Amino acid sequence: MASLTMTRWQLLRYVVAENPLSLAAFLLFAALVLLALIGPWIAPFDALASNVGAPLSPPSMAHWFGTDSLGRDILSRVIIAARLDLGIAVAAVGISCILGGLAGAFAGYFGGWTDRIVGRLSDTIMAFPLFVLAMGIVAALGNTVANIVIATAIINLPFYIRVARAESNVLRNAGFVEAARLAGNGEVRLLFHHIIPNILPPMTVQISLNMGWAILNAAGLSFIGLGVRPPAAEWGIMVAEGAQYIVSGEWWIALFPGAVLMLAVFCFNLLGDSLRDLVDPRRRT
Amino acid sequence: MLTTILKRLLGAIPNLIGVIVVTFLLTRALPGDPAAFFAGASGTAEAVEEIRKKLGLDKSLPEQFIVYVRDLASGDWGFSHATGQPVLTELTTRLPASLELTLAGLFLAVIVAIPLGILAATRPGSWIDHLCRGIATAGVSLPTFFTGLLLAYIFYFLLGWAPPPLGRLDPYLSAPPTVTGFYLIDSLIARDFEVFIGALKQLILPTITLALFVLAPLARMTRASMLGVLSADFIRTARASGLAPTTVLFAYAFRNALLPVMTTLGMVFSFLLGSNVLVEKVFAWPGIGSFAIEALVASDYAPVQGFVLSMALLYVLLNLTIDIAYGFVDPRMRVDG
Amino acid sequence: MSALLAIENLSLEFRTRSGIVRALENVSLQLPEGGSLGLVGESGSGKSVLSFAVLGIQDAAATVTGGTIRFADKDLLADAGSAMKNMRGRELAMIFQNPRVALNPIRQVGQQIEDVLRRHTALRGAAARARAIECLADVRIPDPERRYTAYPFELSGGMCQRVMIAIALACKPRLLIADEPTTGLDVTTQAAIMRLIRDLGHEKGMATLLITHDLGLARDFCDRLAVMHAGHIVESGATETLFRAPAHPYTAQLVRATPVGQDKLENLASIPGNLPDLRRSDLPPCRFSERCELRGDACATALPSVDVSTGHLVACHHPQLRTRP
Ligand SMILES: Nc1ncnc2c1ncn2[C@@H]1O[C@H](COP(=O)(O)OP(=O)(O)O)[C@@H](O)[C@H]1O
Ligand code: SF4
Ligand SMILES: [Mg+2]
């Protein structure tokens, strides 16, 4: 065990040395999480208050990221938004991972009808362009943040189902599972005590690979006016608010939230890649 | 070959049914009274009642489903309250604009990503390899709507190289007579080069925006798949037989590397169709994406559902095409029986 | 007259992330026109690396650090340019193990033969096709017209190996290198393929270099043997002599480990120890010394090349000179 963790550590050091960006991504990730946690206390202004500065004023010492058309401080809004953006993504991915993981584990373990139904469900979701399906779901369920979370969770389901299904299908016949079965453990107990704990590492990798995409989808939905409603601060909707001013040269309104969104997604994607290298070095590309 | 195609066609049917069932469920999932939603904010009580009858909401769910499918098949996709037109008409007139943009984006992505992936795979560890990895990670991190705005700001506002990001054609030019609905093609058919150039200029920025996003998975896959194939035994045989390096690279390695790339094309199309909606909004592109967004904002649901369904059908069709094309490239898929 | 293929003191190394792999060191061997030489040794001893170097298809990480390879009096290493490119596949040809994956999976086998014909001959169109079908018939493939359009996945392993031989022989090469040609085939097919290679070699007056870890196979097939161990040729000589009087301890062990006639498998000795890691910087001059029972003090000095008898060379400080009855 000790030697295993040693090699993990060595591998971690190797991954970081190989790709210094991983380290940068990890620091950025820590900063984002911090923002989401303590954002409201460090934001220099009230994110929702109008006219804390002159409307549409460019970045200055008082307002580092400038102000928007209502005179709101963009820096404060960008900071406050971290909690909502990350919150939506984490909630969606969490729901998706739990439901998809369970469905996939059952399908892979029991096979037969369970497998066919789960497979059909997953195929049906994948038969849609996923962002478009999310649009349709939010439109049908109603225009709320909760429904954005649900829609994002649904379009992420197939990825977790696939991973969990493949893993549990292999583990089902593994030696230690066979031994536990002979020891008289029931199928459901086997599933929860022996299969699912072993599915967790690949699921973690999948989570980190999907997180960036989930953030992008949620922000995309609010960009087109779904879910998050003004005056709430959220990166996608802030870019949408700034969009009309781009052509008249007021670039800062859309640029800062957009850039932070991009950095956040980039950071999650880099972390996902590094984590995959760590867990499964064979799949390095 | 024919049997293979037929088999693929049959294989697409479950997905087709799945798509229709899901869109049907989405129309019924509307919170509150779906009839009221379909009638729109300004719908009168009679209108609501009429829609309730028309949707068959007084019937059982399976009966409603049959009515739904029958209506779809007969081209009755409901009405748009904003324009007063049948949804199907609205969609078909706007579809070419979306398709032209999507295909242009795909085309650009493919002609950049595939050579990039090949170069990266043939020179592992070189600067072009690092560039390829960088693009692959950065590309999928780009919020399309943000890159679009950024490009518009730089190339329209700052540099003045691009036309204003407003639609398919400058207002002072008139659209070419419709043949295919693609302005680039129609203007060439009409030999109207001014319109061709105008349409091309409008197309460039949204195309780049789209391409940047889907370039990443394509380049990544091409690189990985080329790397795998280049170390395969049969490549060594080809080199040992003295075949020219270009023959080895293209006729032998690339054609084989194409197979895994083709299987990811489905995912690429999923990305492409989704980002298309966002790009259309940024560039005020008069396609079905902007149409759906306008309808969403106006709580006009029939067009939104029509949009989701048409995109899904288009996607099923694209996947089917990829499947069949795959059969042409890979003889192993062609075994009949 | 000079040999068709003459390798002198060839050294080759791989520069890898984890260090320099000294895969070949001072390798020398000769093969006369029309002769057959067996290159034997355990898996990992450098046989494939050597043959790839002859064809100039080695990995990009490989560097030749010394020595020469001459083929028909042309220096292949100096001539790495177009002369070599035109000879590869035409005068020197090669076939590989696992034939089912050594052919392009999505190209008709006939077309794969034609690709080679088009590269090296003036044949085009129907003439090229006819010649390709002839090549298939040459390797005793029944119904060659129909097989022309087959894909590798539609053929058995033995058939695929025949196709590969057809590709290799399409341009009537003077040397055929067969790298473990029977690995991955079932036993009856193995015999048929070996017979085919021998018969074609005789018919066409072609020299063959048979690479194998199976000394028995080499014995049935080759006039001469060269024994390879960890990137060194430790012994070479006439097949007959090597079996009767192996002079190098490694060869002796290999011979003892090879079933002869009615030998029972239990009677066979296995070779203790493993090949040394070729990345080590402290590789001893004799790379067999860590597995050798006869090691003495002299063994830490540079290896001699001892002429045991005419045409029988051994690289060892304590060659076993006694002759077995
Ligand atoms: N591309 C390579 N990079 C590093 N080492 C290599 C490479 N190819 C072969 N080697 C090393 O060269 C040695 C000989 O390999 P090979 O010629 O394949 O043995 P065999 O005798 O079984 O054909 C092995 O130790 C192998 O690890
Ligand atoms: S040189 Fe010495 S160590 Fe090497 S094989 Fe001969 S006797 Fe053994
Ligand atoms: Mg070998």
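Being a predicted model, the structure only gives us computed values, none of them experimental. Naming convention: chains lettered A, B, ... in sequence-line order (proteins, then strands); numbering from 1 in each chain.
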Q: Report yes if the side chains of B:F234 and C:R107 come closer than 4.5 Å at any heavy-atom pair, otherwise no.
A: no
Q: Under a 4.5 Å heavy-atom cut-off, does chain B meet the side chain of C:A102, its backbone, both or neither?
A: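 Contact with chain B: backbone and side chain both.
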Q: Is a donor on one side and an acceptor on the other found under 3.5 Å between the side chain of B:R239 and the backbone of C:I57?
A: yes
Q: Do B:D233 and C:F96 have side chains that get closer than 4.5 Å, going by heavy atoms?
A: no
Q: So what's closer than 4.5 Å to chain B heavy atoms on C:Q112: side chain, backbone, both or neither?
A: both
Q: Please classify the contact of C:E91 with chain B as side chain, backbone, both or neither, using a heavy-atom distance under 4.5 Å.
A: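 C:E91 has no heavy atom closer than 4.5 Å to chain B.
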Q: Considering non-hydrogen atoms only, spot the tightest contact between B:R332 and C:P105 and give its length.
A: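 Closest approach of B:R332 to C:P105: NH1-CB, 3.6 Å.
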Q: Taking NZ in C:K204 as the centre, count heavy atoms belonging to other residues, nucleotides or ligands within less than 6.0 Å. Is the count above 12?
A: yes
Q: Applying a heavy-atom distance below 4.5 Å, give me the residues of residues 243-266 of chain B that approach chain C, sorted by number.
A: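 Those residues of residues 243-266 of chain B which have a heavy atom under 4.5 Å from chain C are B:L243, B:A244, B:A251, B:Y252, B:R255, B:N256, B:L259.
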Q: Atom CG in C:D59, atom CZ in B:R236: separation rounded to 0.5 Å?
A: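 The distance works out to 11.0 Å.
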Q: What's the spacing between B:D330 CG and C:Y151 OH if we round to 0.5 Å?
A: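 The distance works out to 9.0 Å.
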Q: With a 4.5 Å heavy-atom cut-off (strictly below), which parts of residues 106-120 of chain B touch chain C? List them by number.
A: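 Near chain C, by residue number: none.
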Q: Tell me, out of C:V116, C:L55, C:V101, who's got the most heavy-atom pairs with chain B below 4.5 Å.
A: C:V101
Q: Might you point out which heavy atoms bring B:A240 and C:M94 nearest each other, and give the distance in Å?
A: CB-CB, 4.3 Å
Q: Which value, rounded to the nearest 0.5 Å, describes the distance between B:S241 atom OG and C:R88 atom CZ?
A: 10.0 Å
